[in-house]
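Notes follow the structure.
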Amino acid sequence: MSQTTYHRALEIMSDICIGCSHCMKVCPTEALRVSGGKAKIHVDWCIDCGECYRICPTRAIRVMDDDFKHIFDFKHRVLLVPSVFYAQFDENISKEKIYAIIGELGFTEICAVEQSVDSLLDEENEYLKTAVKPAISSFCPSVIRLIQVRFPSLVDHIMQLLPPIEITAQYYKNKFKREGIPENDLGIFYLTPCIGKIAAIKSPVGGYTSPINGVINMDFFFNKVFLAYKQRIPITQTVKVSREISSKGVLFPTTGGESVHIEGKTLAIDGMANVIDFLEMLENEEIEGMDFLELRACDESCAGGILSHRNRFLMANSMKEYACKMPVTHNLTEDYKKYCSAVIHMEKIEPRSMVKYDRDIEVALKKMEGARELKLLFPGIDCGACGAPSCEALAEDIVKDQADINSCIFLRTLYEKRGEMSLEETIAIMENIWGKDRFIKKK
Ligand code: SF4
Ligand code: SF4
């Protein structure tokens, strides 16, 4: 099934954006442009990596989603909590205290996201026996989207297995059904450390529909829990806690926490720039003999997610300490295998590159060729003065009627020299891209 619309997790607040273009320069998929002095995101190319959010000097980019307000639409309110959440708190604050506050905030049941990891790892090792090598982990949604958009020839390498959050959500949906709880009464919510997972749940890939009813911003929720802790709010509600999680599960969202359990020659790489470097080598067939790649978009994997509150190294360390106290396996693993082996597989993930030009492949190919020819006219120094991140991006925008060839400051200077364009015209174009105020001297 090929997808044509994509959920968008970030929004630029144009009244706060100063059009500095820092975001445009770091975007790995060239999904940002500056026009009218403000940055704009192209939703189809955005992979929700959060690089722009991290760099914005004015905090003009915000995460749009937070479904906390919807939890009381349901009688049974389950919160799926990733192990990174507990790592945000000082070690002196007990998990029992955190569970109690989460219950007081309105959830009736708390479960560990990584409960499904033990059975997933068995499935991954089985899957690898027949997979295209190196198989790429399907855990990090921003990496999946990066491959779809920027490395479409590598989509066959992505494992067609659901990530732990979806397997755990399926398990609980199934469990409540067996207990006779009506579907409409059950709300499954996920506490997310990154925006990639928001988009993955709201616009899933691989022909899959998530049973998760809402996603909660971990940064926002951490502040709520911490404030309640500081204010010593009285605990009046009870909450059911499913504590089963193994040491493997706790460490799965950290760098190396997945690959260490995979048989064969494996590699764990974190950080967007490192992942891109490696995928370029893989695309150029410079990598041989590798069986499995654990690729994570954020430095220190989920501990470095943009919705994490604490320093990522301290968080990764806390998770290691937590894992040391946990058993190597847990009681629900067999149950997970029984109920989830039928739902764990997803369909092949499709590339998204052609959508960059047109949904019609023939039209897309023509436009692609046009962009290639146009690019030769530009100086190739990727100055960004046109409001696009590179000369190639400007050429693509022009063939899609989203920009004008005169946007290039070098060509405009040439036209001016030849008398084909006036200085007033060239300044008007500059103001269109960067805004009028840009040329008023500030005192
Ligand atoms: S980084 Fe992007 S969103 Fe933030 S102020 Fe600069 S142009 Fe605007
Ligand atoms: S989230 Fe990532 S892909 Fe999307 S606009 Fe920001 S930097 Fe680009």
Side-chain angles (χ1 to χ4, degrees), residues 3 5-65 140-152 192-203 205 215 217 219 270-276 279 295-299 301-302 304-308 351-353 355-356 382-390 392-393 396-397 402 430-438 442:
Q3 194 173 4
T5 53
Y6 306 100
H7 182 81
R8 183 176 174 182
L10 290 179
E11 177 182 57
I12 295 175
M13 293 176 281
S14 57
D15 51 333
I16 301 177
C17 172
I18 53 167
C20 64
S21 81
H22 292 184
C23 54
M24 184 177 87
K25 288 174 190 143
V26 296
C27 177
T29 58
E30 300 194 324
L32 282 147
R33 301 289 184 273
V34 178
S35 151
K38 306 288 175 187
K40 295 185 171 94
I41 299 180
H42 195 305
V43 62
D44 282 358
W45 311 335
C46 173
I47 59 168
D48 295 295
C49 63
E51 296 290 311
C52 54
Y53 178 94
R54 279 186 223 278
I55 205 165
C56 178
T58 61
R59 301 192 72 81
I61 302 177
R62 74 174 188 102
V63 180
M64 287 194 285
D65 298 83
C140 177
S142 295
V143 167
I144 294 181
R145 287 180 175 219
L146 174 74
I147 295 171
Q148 284 184 291
V149 171
R150 198 163 152 179
F151 300 95
T192 183
C194 82
I195 58 161
K197 294 196 178 73
I198 299 176
I201 287 165
K202 304 218 169 184
S203 298
V205 292
V215 187
N217 177 328
D219 188 26
D270 64 9
M272 186 51 89
N274 299 330
V275 167
I276 289 174
L279 289 173
L295 305 179
R296 309 270 172 95
C298 296
D299 289 333
S301 298
C302 294
I306 65 164
L307 303 178
S308 295
R352 272 166 53 177
S353 62
V355 177
K356 213 170 178 186
D382 300 338
C383 65
C386 56
S390 64
E392 186 168 351
E396 288 168 6
D397 289 352
Q402 289 167 3
M430 208 58 150
E431 286 178 343
N432 251 340
I433 299 168
W434 295 101
K436 282 199 172 163
D437 298 350
R438 188 71 45 147
K442 292 167 191 82

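Order of listing sets the numbers, starting from 1, for every ligand and every atom in it. In this chain, residues are counted from 1 in sequence order. Being a predicted model, the structure only gives us computed values, none of them experimental.
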**Request:** Could you tell me whether atom 6 (Fe) of ligand 1 has an N, O or S atom of C20 under 2.8 Å away?
**Result:** yes

**C49 near atom 4 (Fe) of ligand 2 via N/O/S, less than 2.8 Å** = no

**Asked** Is S21 touching ligand 1 with its side chain, its backbone, both, or neither, if touching means heavy atoms under 4.0 Å apart?
**Response** backbone

**Prompt:** Going by the atom numbers of ligand 1, which of them fall below 4.0 Å from some non-hydrogen atom of T58?
**Reply:** 5 (S)

**The one among C52, A31, G50 that brings a heavy atom closest to atom 6 (Fe) of ligand 2** = C52

**Message:** Below 4.0 Å from ligand 2: does a non-hydrogen atom of I47 turn up there or not?
**Reply:** yes

**Request:** Provide, to 0.1 Å, the distance between atom 5 (S) of ligand 2 and the closest protein heavy atom, together with that atom's residue and name.
**Result:** L32 CD1, 3.6 Å

**Asked** If you look at every heavy atom in G304 and R54, which pair is closest and at what distance?
**Response** O-NH1, 3.1 Å

**Message:** Donor-acceptor check, side chain of R145 to backbone of D48, threshold 3.5 angstrom: yes or no?
**Reply:** no

**Request:** For a side chain to side chain contact (heavy atoms under 4.5 Å, CB included) with I61, tell me which candidate from L32, L10, I16 qualifies.
**Result:** L10

**Complete:** For L10, the atoms of ligand 2 under 4.0 Å from one of its heavy atoms are 1 (S)

**Closest non-hydrogen atom pair, C298 against D270** = O-CB, 3.4 Å

**Prompt:** If you count the atoms of ligand 1 from 1 in the order shown, which ones are under 4.0 Å from a heavy atom of G19?
**Reply:** 7 (S), 8 (Fe)

**Request:** Show your reasoning for whether side-chain contact (heavy atoms from CB on, under 4.5 Å) applies to I47 and Q148.
**Result:** CA-CA 9 Å; I47 59 168; Q148 284 184 291; over 6 Å; no

**Request:** Could you pull out, from A39, A9, C27, C46, the option with a heavy atom nearest to atom 4 (Fe) of ligand 2?
**Result:** C46

**Complete:** among protein heavy atoms, the one nearest atom 2 (Fe) of ligand 1 is C23 SG, 2.3 Å

**Request:** Indicate yes or no: at least one non-hydrogen side-chain atom of I306 is less than 4.5 angstrom from one of I195.
**Result:** yes

**Message:** Show the atoms of ligand 2 that are less than 4.0 angstrom away from any heavy atom in T29.
**Reply:** 3 (S)

**Request:** Write down the atom of A39, the atom of I12, and the distance for their closest heavy-atom approach.
**Result:** O-CD1, 3.5 Å

**Item:** atom 8 (Fe) of ligand 1: nearest protein contact (heavy atom, Å)
**Value:** C17 SG, 2.4 Å

**Per-atom contacts, ligand 1 versus P57 - under 4.0 Å to a heavy atom** = 1 (S)

**Item:** side-chain contact (heavy atoms from CB on, under 4.5 Å) between H42 and D397, intermediate numbers included
**Value:** CA-CA 11 Å; H42 195 305; D397 289 352; over 6 Å; no

**Request:** Have a look at ligand 1 and work out which part of I61, if any, has a heavy atom under 4.0 Å from it: side chain, backbone, both or neither.
**Result:** side chain

**Prompt:** Relative to the heavy atoms of I18, which atoms of ligand 1 are at a distance of less than 4.0 Å?
**Reply:** 5 (S), 8 (Fe)

**Request:** Mind running side-chain contact (heavy atoms from CB on, under 4.5 Å) on R59 and Y53 for me, showing each step along the way?
**Result:** CA-CA 7 Å; R59 301 192 72 81; Y53 178 94; 3.9 Å; yes

**Request:** Please check if the side chain of S390 supplies one atom and the backbone of A393 the other of a donor-acceptor pair under 3.5 Å.
**Result:** yes

